[in-house]
Amino acid sequence: MPEGHTLHRLALDLGAAFGGDLTWSSSPQGRFAEGAARIGPRVMEGAEAYGKQLFVRFAGLEEQVRVHLGLIGGLAIHSGLPEPGAVGDLDARPVVGQVRWRLESVRAWADLRGATVCTLITPDEKAAYLAKLGPDPLRDDADPSQAWRRINRSRSTIGALLMDQSVLAGVGNVYRAEVLFRHNLDPFLEGRFLRRDEWDAIWGDLVGLMAYGVTHNRIDTVRPEHEPEAMGRAPREDDHGGEVYVYRRTHLPCLVCGTPVRTEVLAGRNLFWCPRCQPRSRRRTPVRG
DNA sequence: GAGCCATGGAGAA
DNA sequence: TCTCCCTGGCTCC
């Protein structure tokens with residue numbers, strides 16, 4: 001589920017569902033029991049995302065909740081009016097599976113599952129985490145030049161650099177594959193060989209793609225002329241819902257040229273690309289294997 | 001029921 | 001580069 005757009009969307013949804021309301025925290029699974037008890041019944045002020053990190057603020061509490069969903073985590077927000085007095089009554093809102101943190105109010109509740117991180121942190125600790133992150137295309141305060149300085153002097157491949165949260169915050173495996181495809185870039189191109197105009201185009205594209213992701217709560221990267229209706233093909237139906245060019249389309253024909261999509265592990269994750277639309281660059285990193 | 005996989009990342013080696 | 005953690009859904013037997 002979680003690339004940066006997911007977390008920004010969750011921050012908006014949490015704010016809309018709980019902002020300004022008195023909330024109750026609990027940890028049915030138990031692993032956030034101390035934190036939940038420390039928060040206690042308290043007004044939630046708001047939430048914000050930075051890259052794939054989510055921070056939740058409560059009134060009168062200096063610490064904030066820091067959530068990182070990891071690969072498999074999810075935060076499900078439900079709205080709906082329970083029976084009066086049902087807040088805290090787990091029978092009224094049954095716990096399904098491993099719920100690390102339940103947040104509820106009289107009008108909504110949210111269940112956090114599978115997160116790698118859910119903890120209370122001090123302002124100093126928060127600042128330290130943020131300092132480690134590169135610019136986030138979804139934030140107005142982001143400076144793409146900051147990422148460019150890292151990329152421009154790196155011998156790592158652009159495919160690896162895009163996944164490095166200290167270079168760029170919020171991009172994950174789907175956006176990395178898709179943005180490289182959209183710009184016909186060889187994923188194995190070394191960062192130091194990327195041109196500034198290529199970087200500016202990538203950044204601008206990510207800003208648009210990820211903002212769309214927040215709005216629609218899914219990743220769509222296919223241009224209008226390659227959409228299913230335009231090409232007379234069946235829409236993609238999988239757990240993401242969105243239309244993509246290469247992500248998880250191994251061996252399937254490229255939507256643009258028909259060449260089978262390739263896959264290989266890069267930076268510890270499955271990379272997908274079209275060998276014809278993203279040809280080997282002469283600026284590419286020396287041949288491996 | 002076991003095994004595998006996933007939009008992530010930390011820590012060991 | 002490897003190993004491990006987090007959880008649920010899907011496949012295969």
Are A:Arg269 and B:dG9 close enough that a side-chain N or O sits under 4.0 Å from OP1 or OP2?
-> no

Starting at atom CG of A:Leu168, determine the distance to atom C1' of B:dG8, rounded to an integer number of angstrom.
-> 15 Å

Pick base, sugar-phosphate or nothing for A:Gly97, based on heavy-atom distances below 4.0 Å to the nucleic acid.
-> sugar-phosphate

Using the P atom on both, measure B:dA10 against C:dG8 and round to a whole Å.
-> 23 Å

For C:dT7, does OP1 or OP2 lie under 4.0 Å from any side-chain N or O of A:Gln29?
-> yes

Between the side chain of A:Ser27 and the main-chain N/O of A:Trp101, is any donor-acceptor distance below 3.5 Å?
-> no

Euclidean distance for C1', C:dG9 against B:dG9 (whole angstrom) | 22 Å

Mutual orientation of the aromatic rings belonging to A:Phe181 and A:Tyr245 [parallel < 30°, tilted 30-60°, perpendicular > 60°] | parallel

Closer to the 5' end of DNA chain B via nearest nucleotide, is it A:Gln53 or A:Thr6?
-> A:Thr6

May I ask you to evaluate whether A:His68 reaches the phosphate of B:dG8, defined as a side-chain N or O under 4.0 Å from OP1 or OP2?
-> no

Strictly under 6.0 Å, is that where the ring centroids of A:Tyr175 and A:His5 end up?
-> yes

Sub-3.5 Å donor-acceptor pair from the side chain of A:Ser25 to the main-chain atoms of A:Leu103, do we have one?
-> no

Contact under 4.0 Å: A:Asn270 side-chain N or O vs B:dA6 OP1/OP2 = yes

Distance between the P atoms of C:dC6 and B:dG1, in whole angstroms?
-> 22 Å

Looking at DNA chain C, which of residues 110-134 of chain A put a heavy atom within less than 4.0 Å of it?
-> A:Arg113, A:Gly114, A:Thr116

Sugar-phosphate, base or nothing in reach of A:Glu3, heavy atoms under 4.0 Å | base

